[in-house]
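Lettering of chains follows the sequences in order, A, B, ..., and the numbering in each one begins at 1.
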Amino acid sequence: MKSVTQSLFAFAVLAGVAVSGASAFAAEVKGAAPSDPALVEKIRQSNAACYGCHTEQGLKAPPRADLDLEKLRQLVHDPAQFDASNHAGMECTVCHGQGYKAFPHAAGAKQSISECGECHATKALRIETQFEASVHAKNFKEQFTCRTCHDPHAFRVAAKLGDPHKIVAQDNAMCVGCHNSDLRFALFSASVTPQKVRPDLDTLHAWLPNTRLHWQAVRCIECHTPTSPVKSLGMSHEILGKDKAEKNCVTCHSQETALATRLYRFAAENGTADLGFANAAILDSAYVVGATRNPIVDRTVGVLFGLTVAVLLGHGALRIALALIRRRRSS
Amino acid sequence: MSHRIYLLPVWLRLWHWTNAVLMIVLAITGASLHFAGSGPLLVPFSLAARIHDIAGVALVATYGFFVVANILSGNWWQYVPKPPGVLGRCWRQAVYYGWGIFKGDPHPYPPTVEANFNALQAIVYWLIMYAVVPVVVVTGLVFLYPQFAPAKMFGVDGLLPVAFLHYIAGSVVILFMLAHIYLGTTGVRVTSLFKMMITGWHEE
Ligand code: HEM
């Protein structure tokens with residue numbers, strides 16, 4: 001029996017080594033930012049060529065006279081935003097191909113922009129399966145892609161963003177940018193018949209008090225996605241409709257709050273002072289009724305409550321007993 | 001032969017019972033919010049939040065009425081313990097609750113039209129109504145409009161100190177309420193003081 005356990009254990013260790021080795025290898029995603037300074041400088045110069053036109057400065061002082069400035073205005077990028085994104089340090093042309101190097105850009109250049117899956121094959125495959133289960137994919141298969149939500153020039157994963165307020169702001173902007181915009185929503189809903197009128201978000205969630213506060217404190221996906229069955233992914237991409245979405249307040253508003261394993265997953269890992277609170281990591285950015293409690297204070301209040309009740313009951317019992325004795329004596 | 005004096009005007013009795021009902025509702029729903037998810041006896045969170053918000057706003061109005069009516073009627077003077085000998089009178093009252101009451105002694109300071117409260121009562125009522133309840137009301141209002149809470153305080157979310165004060169002050173009010181209701185049974189008969197709070201007449 002023991003040897004079986006032992007060999008199982010050895011197998012598990014070996015498997016663990018193999019998996020971590022594999023993931024270390026997988027970290028070398030195509031186009032990954034190099035660490036060699038010479039290569040970094042080469043990429044910087046290559047990207048600077050694009051930024052020569054595709055930035056506010058480029059728009060103000062175009063390097064050429066024959067540019068359609070009205071079009072360019074829609075295509076302005078912020079280098080600082082790109083440098084903070086997941087794809088910081090990558091060369092523009094890794095995704096965009098060679099077609100954009102010269103101007104005017106090559107006619108078919110747009111078709112050769114890489115899909116997410118070309119570099120994130122395993123992840124994208126798993127995510128696609130989840131995404132395909134949601135209305136967005138079911139009803140708008142062609143139009144609704146990864147890029148509808150993810151701007152590859154700006155998006156930062158929660159793990160990298162850290163601050164829950166920033167995570168919430170970024171992730172909710174994806175959904176709200178469409179669900180609160182008649183124009184953008186109609187662009188998509190036009191393809192289903194009968195065309196769906198955009199319902200107002202606050203009306204849809206009228207059962208939730210202070211929706212605005214919640215939009216700033218939690219993500220739509222906290223309630224609209226199940227926990228990911230794939231461990232390596234922070235969240236599932238399956239969007240749940242009204243039948244399955246989370247409506248139970250206590251999921252978040254209790255000591256066993258789901259927030260700890262979702263939005264505050266990363267905050268919990270590098271938590272700061274805890275002051276004896278349950279879910280202390282949340283306290284840095286929000287006070288969540290029911291979730292962020294101090295067990296010491298709660299116990300103190302409980303003891304005081306118990307003592308008060310005990311003293312009062314004892315006092316009352318003694319009063320009754322002595323009054324009865326007095327009455328018996330006088331009669 | 002019982003002796004009766006008319007002590008409590010209608011507005012005071014109406015306020016008292018409105019306040020009492022609201023406080024009890026707030027205590028039950030507040031506890032349900034704070035201890036959410038930890039027992040079947042609690043009011044469901046979303047219902048508790050709705051009731052607590054409504055009752056909270058009602059209590060703000062009731063408290064405002066209490067303060068204004070007390071000023072206008074001069075009743076606030078009742079809450080001021082009158083020197084000299086305040087501590088001595090408090091002590092005698094405490095000794096009565098701890099000893100004399102068991103022997104069936106009479107109250108050391110029965111209420112009169114001039115001095116409705118004994119010194120101990122005046123001090124405790126004053127502290128609760130003018131120090132603790134305002135804290136509950138003000139922190140409750142900030143809780144209701146969290147955009148007015150400071151964004152950060154002592155390195156944590158600004159709502160934490162607000163919530164903490166609300167919880168502690170609320171707990172003090174509840175402890176007071178327990179003792180208050182119990183002391184309500186210490187009249188001539190167990191029910192006399194409750195009757196007085198309804199009819200306004202004190203019996204001796
Ligand atoms: C006897 C009086 C009261 C008691 C015992 C009480 C108790 C409580 C408790 C225990 C909580 C949970 C807080 C936490 O988990 O930290 C709470 C929340 C709250 N209280 Fe009170 N409270 C009282 C009066 C008020 C008043 C007068 C107001 C409003 C003006 C108010 C507004 C709130 C609000 C807005 C919350 C947040 C949850 C919600 O919106 O329902 N409370 N209260």
Side-chain angles (χ1 to χ4, degrees), chain A residues 164-165 207-210 212-213 216-217 247-257 272-275 277 280-294 297-298 300-302 304-316 318-323 325-327 329-330, chain B residues 27 30-39 42 44-50 52-53 97-99 101-105 142-147 149 151-164 166-168 170-172 174-183 185-186 189-190:
Chain A
H165 276 307
W207 46 272
L208 184 69
N210 212 337
R212 298 290 157 91
L213 184 75
Q216 282 162 23
K247 207 172 189 173
N248 188 1
C249 320
V250 176
T251 308
C252 296
H253 289 284
S254 68
Q255 212 149 20
E256 292 70 39
T257 180
T272 45
D274 76 350
L275 307 162
F277 274 81
I282 297 178
L283 285 175
D284 282 343
S285 46
Y287 178 86
V288 186
V289 177
T292 39
R293 283 158 45 184
N294 192 316
V297 176
D298 283 353
T300 312
V301 168
L304 281 177
F305 188 88
L307 272 179
T308 309
V309 171
V311 165
L312 295 179
L313 287 179
H315 196 276
L318 201 58
R319 255 173 73 211
I320 294 171
L322 292 173
I325 291 172
R326 269 201 312 277
R327 196 175 302 167
R329 276 199 193 143
S330 66
Chain B
S32 301
L33 292 170
H34 189 79
F35 297 103
S38 54
L42 301 172
F45 193 91
S46 114
L47 184 64
R50 194 153 347 123
H52 196 87
D53 288 357
Y97 287 138
W99 184 246
I101 193 170
F102 295 121
K103 300 193 298 173
D105 288 352
V142 179
F143 226 143
L144 204 54
Y145 299 99
Q147 58 270 38
K152 281 254 170 189
M153 222 186 210
F154 315 121
V156 289
D157 188 67
L159 208 53
L160 173 65
V162 173
F164 197 73
H166 191 73
Y167 175 50
I168 297 297
S171 303
V172 171
I174 293 174
L175 292 180
F176 162 77
M177 218 153 46
L178 291 174
H180 181 66
I181 294 169
Y182 174 71
L183 290 177
T185 66
T186 61
R189 276 178 297 282
V190 168

Could you tell me which non-hydrogen atom of [X] sits nearest to which non-hydrogen atom of [Y], and how far apart they are?
X        : Y        : value
B:Gly37  : A:Val250 : CA-CG1, 3.6 Å
A:Phe305 : B:Leu175 : CA-CD2, 3.7 Å
A:Tyr287 : B:Asp157 : N-OD2, 3.3 Å
B:Thr185 : A:Arg319 : O-NH2, 2.7 Å
A:Arg326 : B:Lys103 : NH1-C, 3.1 Å

### Proximity breakdown for A:Val301 and chain B, heavy-atom pairs closer than 4.5 Å
side chain

#### Entry: Side chain / backbone / both / neither for A:Thr308 at chain B, heavy atoms under 4.5 Å
side chain

### Message
With side chain to side chain contact (heavy atoms under 4.5 Å, CB included) as the criterion, how do A:Val297 and B:Phe164 come out once you've worked through the C-alpha distance, each side chain's angles and the decisive distance to 0.1 Å?
### Response
CA-CA 10 Å; A:Val297 176; B:Phe164 197 73; 3.8 Å; yes

### Message
Has B:His34 got a side-chain atom pairing as donor or acceptor with A:Asp298's backbone, closer than 3.5 angstrom?
### Response
no

### Task
Go through the atoms of B:Leu183 and report whether side chain, backbone, both or neither lie under 4.5 Å from a heavy atom of chain A.
neither

What distance do [X] atom [atom1] and [Y] atom [atom2] have between them, rounded to the nearest 0.5 Å?
X        : Y        : atom1 : atom2 : value
B:Leu160 : A:Ile282 : CG    : CD1   : 12.0 Å
B:Tyr145 : A:Leu213 : OH    : CG    : 13.5 Å
B:Tyr167 : A:Arg293 : OH    : CZ    : 7.5 Å

## Note on the structure
Checked A:Ile320, A:Leu322, A:Val309, A:Asn210 vs chain B; the most non-hydrogen pairs under 4.5 Å come from A:Leu322

### Message
So which residue, A:Ala291, A:Ala286, A:Ser254, ends up with the most heavy-atom pairs under 4.5 Å with chain B?
### Response
A:Ala286

### Task
Please check if atom CH2 in B:Trp99 has more than 12 non-hydrogen atoms from other residues, nucleotides or ligands closer than 6.0 Å.
no

### Mutual orientation of the aromatic rings belonging to A:His253 and B:Phe45 [parallel < 30°, tilted 30-60°, perpendicular > 60°]
parallel

### Task
Show the numbers, then the answer: is there a side chain to side chain contact (heavy atoms under 4.5 Å, CB included) between B:Phe35 and A:Gln255?
CA-CA 8 Å; B:Phe35 297 103; A:Gln255 212 149 20; over 6 Å; no

### Message
Is the shortest side-chain heavy-atom distance between A:Leu304 and B:Ser171 below 4.5 Å?
### Response
no

